[in-house]
Each structure stands twice: as structure tokens, then as C-alpha cells.
Protein chains: 2
Amino acid sequence: MSAESAFPPIDHDHGRCVDLLMSAVERLRAEQTLRLTPQRRRVLEMVAASHVALGAYDILARLGGGNGRPMAPISVYRALDFLLQHGLVHRVESLNAFIACTRPGARHDALLMICSVCRRVAELQSPAIEAAIAASAAAGHFLVTHPVVEIAGICRVCRAADR
Amino acid sequence: MSAESAFPPIDHDHGRCVDLLMSAVERLRAEQTLRLTPQRRRVLEMVAASHVALGAYDILARLGGGNGRPMAPISVYRALDFLLQHGLVHRVESLNAFIACTRPGARHDALLMICSVCRRVAELQSPAIEAAIAASAAAGHFLVTHPVVEIAGICRVCRAADR
DNA sequence: GAGCAATTGTTATATTGTATCATTTCTATC
DNA sequence: GATAGAAATGATACAATATAACAATTGCTC
């Protein structure tokens, strides 16, 4: 996702975002062993449907009236763990929340920008940041397993709206 | 703190680390309005005494037998908030925990490396990482207020011990 | 359809963090 | 030193996030 499209207008057609993600997931599923059960799919769709990071209990609340009785928290966490492991969602550590991955299939660490006004989270691509982290780590003989980069601030849309 | 000294030997003289921090804090306090009350000081010393990030409830447990009855959680959080605001500790988002700042006085965002083996956390200085983040943000017209960088991995000491 | 692994259900509980209002302590000023 | 306002702390309750443990079910393979 380019820097310019990272924070789309608030009222854009978000259905397209979801469709893009789900079709990417379909491709993955067709190719191989991705057991995307109905529950997992519902959680993924829920996360994908939001540009705002959702907490596990947000998801839980919105899934309530699905089939029968509401899911237990542990079930949501289990679904999220699965989705995390398969690179379909990212955990936002500084929010204790989750956001859909914009590049499913390409397993990667996430660089996130988090708008403190509209609360939306955008995924960023930056070889420069990754390289700088790798260089620092190497200098300290530190073996990187999972870099977390979460940049809090104000997105271009909210900055523009503030004038 | 240089990359080489970021993760000192496990058995180094950690008293020196604490002393260095506390004397830096003393200087701050002498210079100006830093109301370092006994409670706040005890929490700071507790955090400074550990290379491992401490959760609020860890601190709570260790402070128990101080004066009279144990502190309430809210008191620990209040002390931590104060210390955060004055740049004496950093919050480790991915651990829900806190680590002493190694450069008190110089208000700054923290770049952290977190060893998943020994659980120690080291603060890193890297203009390159900061510049790369600033550049990415600028490209996306994103106004950075608080960059979070927490690099999980294995420190040089634990890597060496693993051979 | 029998056996095994993976998933989900159920219940309970652990961990992390805040809200609210009362009380105490500190500081500045008279 | 008395005193009033601000800052800090105490006390109680509760909210929000996350996991443990074990039972039941589903799906896959033979």
C-alpha cells in the first residue's frame, strides 16, 4: 500500500477493501492448507471490515448474534491466533487490538501508522526502516525475530480536516 | 548507550546502572520542579534495578512490605504515569511493562530491543531508524507524535551462551 | 465407521488498567 | 504560624484484556 493510499478518505468504498482481502485469502486457501472455518472467516471479515483496529472484545460483541449463543472470549482469541499465524491479521501492540493485513500471503512484519484522531491504522512499506533496524541490530549482534513498529500520530485526512 | 553495551553480561555490577540513573535524576531534581516523592522514587528505583521490564503488578508485589500496608494498583500506575511524563521510564507496549530510561533528562522516544531469552530490554540509539521513520511519515503526510519501535529477538549474550 | 488430530465449547480465573470520591500533604501567601 | 488552593495519595470498586483446563465435537484418513 503506497503512502498516499494508506489513509483513504473516511467515506471511501470500504467494501472493495474487504473484497480484495477476501479474494487474496481465497487464493491462499485454494493453493494449500488454510483451514478457514466459518468462525475464523467471520472474525477475519469483521477485522477486514474495519480500518480501525478492533479489540478481541469488540469482535466478540459484534459477532454475538451470529448463529446461536455468543462466542466465548477464548474462541475469538483462538481465531485471532490462527489468523496471526497465517499472516492474515496483525496485532497492534500499543492498542491491544488487531488489524487486517493488507498483503495477505506475503508473510511479513508490519510497519503501522496509527491515527490518534480517527483511530484508523494503516500499514506501511518501508525498506529503509527495515534496513535501518537490521543494521542497528547487526551492530549490537542482536538477532531480530519480530520487529514492532507502530507510529502514532495524525493522518493526512485528519490533518486536512483540522484546518 | 552504544550497541555493544546495550546488553551487558548478566552478572555485571548493576548497582552502577541504578546509581547512574539516580544521580542523573538528582541533577534533574536539583535543577527544577521534579516532585520525586518517596513513592515515586521507590517505583523508579524498582524499575531501574531491573534490566527486565517490570509490569505494574510486579512492581506492586515487590513494594508490598515497604512502609505499612501494600499500595493499591492505581498508586503504582499513577507513579508510573508521572515517571513516563518526565521521561524517566519507558513503557514497553508489547510487554505491557516498564523499563528505566537510560538517558533521563533528554526527552526522547525509545527504540527498544527485547531479548526473548533473558527477557532483558535495551534502549538503542539510531538516528538512521528515526530518519527512516520521519521520511516515511512525511511521504504519507502523517504527523508523527510518538513512534514505537520494539525489536524482539535474541541478544548477543544469549546467542553466545547458546553455542 | 474406527481412530486420530484439529477445532470448538464450557467454565472459571488470571492479568492489566481505570473510575470515583475521600483524605492527606505540600506550597504559597498573608 | 494560619489558611486556602493545588497536588498527591488512599480506598473501594470495577472494567478490559487474556488464558487455563478439560470436555465435546468435527473432520480427515485409513
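Chain letters run A, B, ... following the sequence lines, proteins first, then strands; residues in each count from 1. In this text, all values refer to a predicted model and were calculated from it rather than measured experimentally.
With sequence neighbours left out, the side-chain contact (heavy atoms from CB on, under 4.5 Å) criterion links A:Ala134 to no other residue. In this structure, the side-chain contact (heavy atoms from CB on, under 4.5 Å) partners of A:Ile74, at least two apart in sequence or on a different chain, are A:Ala72, A:Arg78. Contacts of A:Glu150 classified as side-chain contact (heavy atoms from CB on, under 4.5 Å), with partners at least two apart in sequence or in another chain: A:Val92, A:Glu93, A:Ser94, A:Leu112, A:Ile114, A:Val148, B:Val148. With sequence neighbours left out, the side chain to side chain donor-acceptor pair (under 3.5 Å) criterion links A:Ser75 to no other residue. The salt bridge (Lys or Arg N to Asp or Glu O under 4.0 Å) check on B:Arg41 picks up B:Glu26, B:Glu45, with sequence neighbours excluded. With sequence neighbours left out, A:Asp81 forms a side chain to side chain donor-acceptor pair (under 3.5 Å) with no residue at all. Looking at residues two or more places apart in sequence or on another chain, you find no side-chain contact (heavy atoms from CB on, under 4.5 Å) involving B:Asp19.
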Below 3.5 Å between N/O atoms, which protein atoms pair up with nucleotides 12-18 of chain C? Just atom names and distances, please.
from: C:dG17; atom 1: OP1; to: B:Arg91; atom 2: NH1; distance (Å): 3.1
from: C:dG17; atom 1: OP1; to: B:Arg91; atom 2: NH2; distance (Å): 2.6
from: C:dG17; atom 1: OP2; to: B:Tyr77; atom 2: OH; distance (Å): 2.9
from: C:dG17; atom 1: O5'; to: B:Tyr77; atom 2: OH; distance (Å): 3.4
from: C:dG17; atom 1: N7; to: B:Tyr57; atom 2: OH; distance (Å): 2.7
from: C:dG17; atom 1: O6; to: B:Tyr57; atom 2: OH; distance (Å): 3.3

Between the protein and nucleotides 7-9 of chain D, which nitrogen or oxygen pairs are less than 3.5 angstrom apart?
from: D:dA7; atom 1: O3'; to: B:Arg35; atom 2: NH1; distance (Å): 3.3
from: D:dA8; atom 1: OP1; to: B:Arg40; atom 2: NH1; distance (Å): 3.2
from: D:dA8; atom 1: OP1; to: B:Arg40; atom 2: NH2; distance (Å): 3.4
from: D:dA8; atom 1: O5'; to: B:Arg40; atom 2: NH2; distance (Å): 3.3
from: D:dT9; atom 1: OP1; to: B:Thr37; atom 2: OG1; distance (Å): 2.6

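Between A:Leu84 atom CG and D:dT19 atom P there is a gap of 11 Å when expressed in whole angstrom units. Between the P atom of C:dT7 and the CZ atom of A:Arg41 lies a distance of 16 Å, rounded to the nearest Å. Between the CE atom of A:Met71 and the C1' atom of D:dA18 there is a distance of 15 Å, rounded to whole Å. In this entry the distance linking CD of B:Glu93 with C1' of D:dA18 reads 17 Å, nearest Å.
In this structure, B:Arg156 is not positioned above the aromatic face of B:Phe7 in the sense of NZ or CZ being under 6.0 Å from the six-membered ring centre and within 45° of the axis.
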For residues 48-61 of chain B, run the donor-acceptor check on the side chains, cut-off 3.5 Å, and write out each pair with its distance to 0.1 Å, sequence neighbours left out.
from: B:Ser50; atom 1: OG; to: B:Val52; atom 2: N; distance (Å): 2.9
from: B:Ser50; atom 1: OG; to: B:Val52; atom 2: O; distance (Å): 2.6
from: B:His51; atom 1: NE2; to: B:His12; atom 2: NE2; distance (Å): 3.0
from: B:His51; atom 1: NE2; to: B:His14; atom 2: ND1; distance (Å): 2.9
from: B:Asp58; atom 1: OD2; to: B:Gly55; atom 2: N; distance (Å): 2.9

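Cluster partners of B:Val117, using a side-chain heavy-atom cutoff of under 4.5 Å among ILVMFWY residues and allowing indirect links, are A:Leu143, B:Ile154.
Note that the two end axes of the helix from C:dG1-D:dC30 to C:dC30-D:dG1 enclose an angle of 30°, each drawn from 5 base pairs, rounded to 10 degrees.
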